[in-house]
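Some notes on the structure that comes next.
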Amino acid sequence: MQEAMIKRAKELLAEGIVNRVIGWKRGEFAYDSTPAIFETPEELERDFVYDDLTASNLSKYLIKESRKAGKILAFLKPCDTYSLNQLTCEHRVIRENIHVIGIPCDPKIDAEKIKAKGISGILGIKNDGVDLTIDTIYGKESMPVSEAIMEKCLSCKGKKHVTYDELIGEDGELCDSGRFDMVAELEAMTAQERYDFWRSQLSKCIRCNACRNVCPACTCEKCVFDNDASGIANKAAADSFEENMFHIIRAFHVAGRCTDCGECSRVCPQNIPLHMLNRKFIKDINELYGTYQAGEKPDSVSPLTSYTLDDCEASIVHERGTE
Amino acid sequence: MRKIGVFVCHCGTNIAATVDVKAVAEALGHEPGVVVSCEYQYMCSESGQELIKDSIKKHGLTGVVICSCSPRMHENTFRKAAASAGLNPYLVEIANIREQCSWIHKDIASATEKAIILGKAAVAKIHLNTPLTAGESPVAKKALVIGGGIAGIQTALDIAEAGFEVDIVEKKPTIGGKMAQLDKTFPTLDCAACILTPKMVECAQNEKIHIYSYSEVTEVKGFVGSFNVTIKKKARFVDETKCTGCGLCTEKCPMKKVPNEFNMGFDNRSAVYIPFAQAVPKVAVIDPANCMMLKTGKCGVCSKVCTVGAIDYKQQDTYINETYGAIVVATGYDPIDLGKYDEFAYSQSPDVITSLELERLMNAAGPDGGTLLRPSDKKHPHTIVFVQCVGSRCDDSRGKPYCSKICCMYTAKHAMLIREKYPDTDVYVFYIDVRTPGKNFDEFYRRAVEQYNVHYIKGMVGKVEPKADGKLSVQASDLISREQLHIDADLVVLAAAIEPDKTARPLATMLTTQMDTNDFFTEAHPKLRPVESATAGIFLSGACQGPKDIPETVAQASAAASKAIGLLCKNSITCNPCVAHSDELMCNGCSSCEKVCPYGAITYINKEFTMPDRTVALRRVASVNPAVCQGCGACTVACPSGAMDLNGFSNSQIMAEVDAICK
């Protein structure tokens with residue numbers, strides 16, 4: 001797959017259709033791959049990677065990139081295409097300046113899950129579909145693939161690309177991975193249990209802002225948390241409880257716009273299941289206003305920010321909410 | 001720092017009986033920036049207003065907080081008072097300590113505490129108020145009347161009489177409404193058609209009135225003085241400009257088995273039809289659900305016989321856009337569906353009918369030419385039982401909690417007319433009580449009892465059962481003689497409750513007007529502003545506001561017209577300066593605000609900005625048209641980046657209020 005992607009990228013560069021490519025390159029360690037811009041065939045040959053570890057969503061980078069001169073080639077996994085559509089919807093990217101190649105995606109591997117098994121000094125990973133063979137500085141180790149799959153891939157929405165200009169490989173189907181089951185478990189808790197759960201999770205937060213910075217729905221020109229005039233910036237840092245509110249405010253902020261790409265939880269250094277807050281909103285929207293998937297179409301209108309005559313009365317929403 | 005004056009109103013005992021007003025004034029006097037804090041018996045009175053004006057001048061106040069009734073009531077009064085003392089009227093804030101405090105609490109201590117907190121919130125807010133200046137917007141000199149029944153007709157005639165143009169939108173193929181279906185009208189027993197049809201003709205002939213029949217309002221944008229309305233003219237498959245109403249097509253149409261709505265389904269009409277002889281406009285309409293040509297493409301008889309070539313099978317729905325200064329709602333009522341009233345055998349026996357159906361049976365233009373015959377065997381009924389309050393004053397979910405108001409009188413009318421025409425008929429009326437307030441109404445009812453010997457029995461009918469011999473066995477109780485009654489009736493007439501037309505609810509949403517739980521439109525004030533809705537420029541006419549008989553409907557229709565005329569006479573109206581604006585540096589251009597704006601006040605512009613890194617970027621930013629914005633604030637909540645803000649209700653002002661309350 002990686003070879004096919006490099007080949008096509010080189011062709012598009014050579015034809016002058018695009019003048020740069022956004023993809024992934026290897027970071028400091030074998031298991032960290034990071035988004036990167038490639039401008040020449042040489043750079044592509046040398047650095048471009050696409051494998052089990054290239055999990056990051058490239059869509060958010062296109063906000064800035066699509067405003068630069070010339071067209072950019074973006075390789076997007078199925079879940080990344082939802083983010084791009086949502087950004088198109090919000091006029092945050094200039095879609096005409098992006099050439100999207102949809103690429104197939106198998107569940108990504110979470111190096112943290114491998115490390116959690118006590119495996120360290122990772123040099124490389126081989127995946128035969130059932131088992132992972134991990135090459136480390138201490139020798140070879142192995143573990144079942146199923147135990148190393150990235151959290152966000154366990155609740156995969158499917159392998160269908162919702163926007164692309166061309167595809168490498170076949171387009172897949174939508175799938176139901178029961179992604180709302182965990183939310184239902186939380187809902188089944190008593191208020192006190194739920195409060196305790198979130199307090200214990202959110203109190204781990206170190207306010208590194210990684211979740212916000214990676215989130216493709218967090219694209220404000222000036223974030224309220226960075227804006228002194230908003231009157232919120234300091235409040236959210238006042239005490240540990242207010243600190244927790246940061247995530248709640250952020251979840252409200254992206255409600256109806258979050259495509260459930262799972263990047264927030266992926267990048268969280270404290271492993272807080274942040275995506276569960278957003279997924280609760282998605283579940284609520286589905287139940288109160290009818291099924292809605294943000295980013296499904298480049299012109300979809302979120303039920304939370306639209307006004308139609310068919311909207312039900314607030315009292316009905318309230319009734320449904322208490323059912 | 002603002003110099004703030006706090007004025008606490010007693011509202012007689014309305015506030016003072018539950019809230020310790022002295023304590024409120026004392027406590028608020030210690031708030032930051034408050035230089036004077038006092039209380040007075042009636043702040044809205046002449047001397048109360050003088051007190052405010054004098055304080056503004058004496059203390060050089062730059063902010064005024066009034067703790068009183070709802071701002072809906074007197075905000076304007078106090079703004080005017082402040083303005084006359086030289087203070088910008090938008091530097092006045094109201095703390096509602098009546099509706100939101102004294103009226104809903106009983107305990108003085110807690111009500112006082114709450115009043116103080118509400119006052120503190122207003123003081124906190126006013127520190128952030130900015131002076132605002134109101135602009136003006138023009139008034140379109142044309143009115144829209146939605147609904148072409150007697151209410152809509154009367155309103156339109158009155159507005160046209162005053163010299164303004166008026167459009168009537170009627171969803172049926174003809175105007176006339178329910179009144180056109182009635183036989184005689186109480187209490188004078190003049191024929192409904194004789195008094196209604198001249199008014200219908202007058203509407204058609206008045207050059208100021210345009211009738212959009214067979215049309216619906218599909219979209220309303222804009223605001224008082226300038227409502228932009230989209231009207232859907234449904235395809236009638238007949239060219240209105242060509243059709244002469246000769247009726248040849250209706251005679252020749254081979255599809256003659258369509259139940260005739262106008263006669264409540266007692267006879268049939270053809271697929272191409274004119275609703276009734278006096279229809280306005282008198283133009284045929286093809287019912288696409290029953291026309292063979294439209295369904296299968298085979299027939300075309302009407303087109304062949306039409307001498308003026310008016311039939312057009314390819315006609316499409318068309319949409320018309322118009323701008324109106326005022327809108328009058330006159331959507332009327334319908335009898336409720338009696339499907340849930342099985343005990344009266346309405347769905348089992350054709351001889352159990354509603355009062356509106358009886359109107360058609362008795363009407364000279366009805367299915368039997370005005371001779372009252374049973375629907376089942378077309379024989380003369382000798383015993384007729386009327387059942388009152390079917391679904392009215394009902395405490396279960398099948399019916400309506402309210403009194404439908406018109407039934408007592410029309411049943412007296414029916415009973416009297418039947419006894420007059422067929423003296424050999426026994427007429428029973430079962431009632432909870434007979435309600436006859438109205439000029440000459442009780443006299444009318446007494447005539448039915450005393451002169452026409454109608455048997456009025458206080459009590460409810462428990463069951464109606466069709467018997468094998470075609471009679472209807474009526475079981476009822478007489479509450480006065482405490483007897484169970486069994487009557488074998490030939491005809492049972494149910495006075496079905498009336499409810500607002502089903503199209504009213506979506507219309508209310510379009511017009512952003514309020515409705516009550518029964519879907520009747522809510523008036524701006526139940527006593528003092530009965531024909532205005534709470535939304536400026538929207539007026540209410542007839543039964544859409546509550547059950548009404550014809551005299552009341554006509555009176556209200558004229559009242560609504562006079563209110564609309566009052567508005568149309570003005571060349572411009574003062575705008576609300578509390579409108580939204582966008583902080584372009586923060587705006588993401590995401591369109592969230594545009595999507596939620598019910599008034600279409602937000603557009604986007606591409607603008608060049610010098611960014612913090614000194615590069616120049618072309619950014620898409622929101623721009624609010626202040627003349628169109630109504631200040632509802634939906635955009636400020638939808639805006640993800642907090643770029644949208646509302647004058648007079650800014651995010652920081654609201655947060656300051658919340659902080660003051662939570663402190």
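Any value given below was found using the heavy atoms of this structure, including those in side chains, with hydrogens, waters and symmetry copies removed. The chains referred to below are lettered A, B, ... by the order of the sequence lines, with proteins before strands, and numbering in each begins at 1.
Looking at B/C635, neither its backbone nor its side chain comes within 4.5 Å of chain A, counting heavy atoms on both sides.
Under a cut-off of 6.0 angstrom, the local environment of CD in B/Q514 is sparse, with at most 12 non-hydrogen atoms contributed by other residues, nucleotides or ligands. Heavy atoms of other residues, nucleotides or ligands lying less than 6.0 angstrom from NZ of A/K160 number 12 at most. No more than 12 heavy atoms of other residues, nucleotides or ligands lie within 6.0 Å of NZ in A/K297, so this atom counts as exposed by the packing criterion. Within 6.0 Å of the NZ atom in B/K233, the count of heavy atoms belonging to other residues, nucleotides or ligands exceeds 12. Within 6.0 Å of the NZ atom in B/K221, the count of heavy atoms belonging to other residues, nucleotides or ligands does not exceed 12. In A/F252, the CZ atom is not crowded: 12 or fewer heavy atoms of neighbouring residues, nucleotides or ligands sit closer than 6.0 Å. For A/R67, the CZ atom sits in a packed shell: over 12 heavy atoms of surrounding residues, nucleotides or ligands are nearer than 6.0 Å.
Here the side chains of B/N588 and A/R92 are in contact, with some heavy-atom distance below 4.5 Å. In this structure the side chain of A/H91 reaches within 4.5 angstrom of the side chain of B/S591, judged on heavy atoms.
Heavy-atom minimum distance, B/S641 versus A/C220: CB-SG, 3.2 Å. Between B/K595 and A/V301, the closest heavy-atom pair is CD-CG1, 3.9 Å. Closest approach of A/E221 and B/M586 over heavy atoms only: CB-O, 3.8 Å.
Rounding to the nearest 0.5 Å gives a distance of 15.0 Å between SG of B/C587 and NZ of A/K222. To the nearest 0.5 Å, the span separating CG on B/D583 from CG on A/N227 amounts to 8.5 Å.
Ranked by heavy-atom pairs under 4.5 Å with chain A, the list B/G589, B/A638, B/G642 is led by B/G589.
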